[in-house]
Peer 1: 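To start, I am sharing the structure in question, which I have written as structure tokens.
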Amino acid sequence: MLDELNAAQKEAAIHIDGPMLILAGAGSGKTKTLTTRLAYLIGEVGIDPINTLTLTFTNKAANEMRQRALNLIGTKNLNTMPLLCTFHKFGLLFLKLHINKLNRNNNFNIIDTDDKKALLKKIMKELDIDLPLSFVASEISTYKNILLDPQEIKQKAEIDEYKKVAKIYENYQNNLLENNLVDFDDLLALPYQILSQDEKLRIQTSQKYQYIMVDEYQDTNELQFKLLELLASEHQNICVVGDDDQSIYGWRGANIKNILDFNKHYPNAKVVKLQINYRSTQEILDAANKLIEHNRNRLGKKLISHKGNGDKIEIFHSLDESFEANTIAHKIKELLNRGTAPNEIAVLYRINALSRSLEEGFNKANLAYKLVGGIRFYERAEIKDIISYLRVISNKNDDFSLLRIINKPKRGIGPSSVQKLITLAKEKNLSLFNTLKLEETQALLSKKAYTQIQDFIAKIELLEKEKEDLNTLIELFNEHIPLKEYYANMNDGFERILNIDEFYGYFKERTLQEKLSLEQFLSDIALESDQDNLTQNAINIMSIHASKGLEFEHVFIIGLEEEFFPLLGDGCDIEEERRLAYVAFTRAKNNLYLSYVDSRFYRGKRQKVQKSRFLEESGVLKGSLKQDKKASFKRGDLVKHKIFGIGRVQEVNKSGKNYKLKINFGGMKKEILSSFVEPV
DNA sequence: TGGGTCACGGTTTTT
DNA sequence: CCGTGACCCA
């Protein structure tokens, strides 16, 4: 199995004990190296698969690696299976076994980002606090990532704003506990908490996972780093793979320092660099290399193509976004006529808003495309409704889920009725479901609402009886809960009903094939996103983030303009923007096309835009820097003129489209147009 | 309670 | 420009 690898890949694959950092540039065979190492450990060295742990960020990556590793080893020879999963799935599995150490029951539910936001919103309303929701949500996430509980945050908070957040955090945590919910951060934070408190369990767990591998290490956050530290504490057999130049998730907590400082944390770490790129032509890699060299915060490496030079990068300059879309559509048609498969073409952009003009242009040109990303299947309201029903059927005391569906379809229970029910439930110290069964509720609800609620209770209990036979359960569900009718009346009802049917089909298939219980199915899908979105015969259009890990023969990047890409504004990190461009460039196998416009229509306004600095930094457009600097001379700047030499700017005046500078060249004063001098 | 209207605000996304 | 959510009235 090692014959397939190059020297550096092989060196990494056969390293057995001790920490190792594999710096794997884009397209350098990262997955191949990692899977071969796993196969080597199991198939050649003789490590029991059960003693390995391989962690990834996405289910897709986990599945792909599992398949490839098992192919190398041959499943026939295995008695146990290696654990290969996402960080969060690992957290889930761990908590199912050990959350009782925190005095919690392991029938907890996982809430997603939307649920979290909805809960926070409710809490903020109750507390009468008005802060931006996204700010509160990310603050709380940060707190969990640095492992501070509400009490500690309360003590630390000095500014009023943060005291308020601390209050919300406290309420939020209580709410999660009351409903036995965990959020995505908890899936990492709680295992860490348990492992750091329980010495014996820590040793036992670390000894179980003798060989740990981590994919996309540049995207790990603080908590993942610390968790890994505990897991590897007994043996330090931790092998991480990543590319510091492809760290593009800083805004959601990824800490690039984890990869930059890996040697400091593990001084005896072996470092292997994979720099031979099997994906792209040298022409593309030169641009990517040149661009990324403008970053300071990096370990430094240079990609060398295995494929040779290839075609020049093409630049499209258009008047506005509709011309841009036309130009690209035209070029794509040319490619298709030459026999290029549509799924070998991708159009990438920095922000999703740019997809609209593209879609319009493609529709006009009759080009079939597939928009990757957007609203995810499990985040659609209709799907979350069914899941909430299933959660209530699985656990009738799940108030959180019950509240979502109590009035879906409409049963005459509005916000004020709900409030009354909650008050009563608190008074009686009962779950909402049990409260609904009380005599007293009759007085709280209208006659119609009360009858419908009794009907609702009866149906849930009826469905509950079928928990063992999930095929029947979902059939009965469809029959008794008229969700389809509820959604049919909406303007996008048709699509929603299709989604509902798709879910039913998926539910039957998964539970039957994998013999899952209702509980297992529910916790599994909480950590699943849409699987592989790419289709066979359409052009893919998507954000650059969504393109990570993918590759295409032809890649178009649109919107290469200042303020669109790089995206400027507060909280922006120019180096991360550059890494994003690096990721985008390196998706291309053979041809890269870069596009910019003079003006763009955005948020209801047309605005003039400047071409992106990345075009010049990557060396694909020469001299744009000089032009852009035209306006940026100010009094006191030193400048250089071809004839007069070096002088100092005394005055800047506008002269039509240009700037006229009054410059003092060693006592000789001249008025010169700004384009004739260069900054010194 | 539920349908309708108006003001507002708006990166990137996986789990 | 377009989607979401607050607010108002039947």
Side-chain angles (χ1 to χ4, degrees), chain A residues 55-62 85-92 110-118 121 125 130 132-134 138 141 182-189 215-216 219-221 223-224 247-254 321 348-357 360 372-376 378-379 381 407-418 445-446 448-449 452 489-492 523-531 542-549 559 563-573 576-577 579-581 583-584 600-606:
Chain A
L55 296 170
T56 63
F57 275 80
T58 64
N59 290 302
K60 199 177 148 194
C85 63
T86 65
F87 270 96
H88 290 84
K89 177 79 182 237
F90 177 75
L92 170 69
I110 301 164
I111 59 166
D112 67 19
T113 318
D114 283 349
D115 294 333
K116 175 181 171 182
K117 286 193 171 160
K121 202 168 179 182
K125 207 168 178 181
D130 187 30
L133 187 56
S134 53
S138 77
S141 192
V182 299
D183 62 19
F184 286 137
D185 294 320
D186 289 337
L187 287 174
L188 305 172
D215 191 21
E216 306 278 14
D219 288 332
T220 48
N221 63 25
L223 198 46
Q224 284 158 333
S247 166
I248 55 172
Y249 286 106
W251 50 275
R252 70 173 202 218
E321 69 283 346
L348 312 180
Y349 35 77
R350 174 65 178 86
I351 53 174
N352 283 319
L354 298 200
S355 75
R356 177 167 270 132
S357 57
E360 279 169 13
V372 181
I375 312 167
R376 277 179 289 282
Y378 293 107
E379 279 168 19
N407 203 31
K408 259 179 209 179
K410 297 221 179 326
R411 299 188 174 96
I413 314 269
S416 78
S417 296
V418 166
L445 304 174
S446 71
K448 202 174 136 202
Q452 299 214 47
N489 301 324
M490 300 188 173
N491 43 11
D492 50 358
S523 60
D524 263 21
I525 61 168
L527 298 179
E528 265 169 32
S529 63
D530 293 329
Q531 295 294 334
M542 68 188 95
S543 73
I544 296 166
H545 283 92
S547 76
K548 195 169 174 204
E563 296 189 46
F564 281 98
F565 194 18
L567 191 63
L568 304 168
D570 50 41
C572 104
D573 172 354
E576 185 153 318
E577 295 296 311
R579 291 193 291 269
L580 210 37
V583 168
R600 204 171 271 288
F601 195 72
Y602 182 57
R603 287 193 190 169
K605 279 203 305 263
R606 178 158 297 285

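No experiment lies behind these values; they were computed from the predicted model shown. Per chain, numbering begins at 1; letters A, B, ... match sequence-line order.
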Peer 1: Just compare B:dT15, B:dG2, B:dT13 and give me whichever is closest to any side-chain atom of A:Lys410.
Peer 2: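 Taking heavy atoms from C-beta onward, the closest nucleotide is B:dG2.
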
Peer 1: Who passes salt bridge (Lys or Arg N to Asp or Glu O under 4.0 Å) against A:Arg356, sequence neighbours left out?
Peer 2: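 None.
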
Peer 1: Sequence neighbours excluded, which residues qualify as ring pair (Phe, Tyr, Trp, His ring centres under 6.0 Å) partners of A:Tyr349?
Peer 2: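 For A:Tyr349 there are no ring pair (Phe, Tyr, Trp, His ring centres under 6.0 Å) partners, ignoring immediate neighbours.
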
Peer 1: Under 3.5 Å, which N/O atoms of the protein pair with N/O atoms of nucleotides 7-10 of chain C?
Peer 2:
none

Peer 1: Restricting to salt bridge (Lys or Arg N to Asp or Glu O under 4.0 Å), what partner residues turn up for A:Asp524, sequence neighbours left out?
Peer 2: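 A:Asp524 satisfies salt bridge (Lys or Arg N to Asp or Glu O under 4.0 Å) with A:Lys89, A:Arg510 once adjacent residues are dropped.
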
Peer 1: N/O contacts under 3.5 Å, protein versus nucleotides 7-9 of chain B?
Peer 2:
none

Peer 1: Would you kindly compare A:Pro415 and A:His545 by the position of their nearest DNA chain B nucleotide and give the one closer to the 5′ end?
Peer 2: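 Taking each residue's closest nucleotide, the earlier one in sequence belongs to A:Pro415.
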
Peer 1: How far apart are the closest heavy atoms of A:Ser547 and A:Ile544, and which atoms are they?
Peer 2: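 A:Ser547 and A:Ile544 have their closest heavy atoms at OG-O, 2.7 Å.
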
Peer 1: So, is A:Asn407 close to the B:dT1 phosphate, meaning a side-chain N or O under 4.0 Å from OP1 or OP2?
Peer 2: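 Checking A:Asn407 against B:dT1: no side-chain N or O falls below 4.0 Å of OP1 or OP2.
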
Peer 1: If you pin A:Ser416 and A:Leu580 to their nearest nucleotides in DNA chain B, which one's is more 5'?
Peer 2: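 This one resolves to A:Ser416.
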
Peer 1: Tell whether A:Thr113 reaches the base of B:dT15 with its side chain through a donor-acceptor pair below 3.5 angstrom.
Peer 2: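 Present.
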
Peer 1: Using only side-chain N and O atoms of A:Ser417, determine if any of them is under 4.0 Å from OP1 or OP2 of B:dT1.
Peer 2: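 Yes, within the criterion.
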
Peer 1: Not counting sequence neighbours, which residues clear salt bridge (Lys or Arg N to Asp or Glu O under 4.0 Å) with A:Glu563? List them please.
Peer 2: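 A:Glu563 satisfies salt bridge (Lys or Arg N to Asp or Glu O under 4.0 Å) with no residue once adjacent residues are dropped.
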
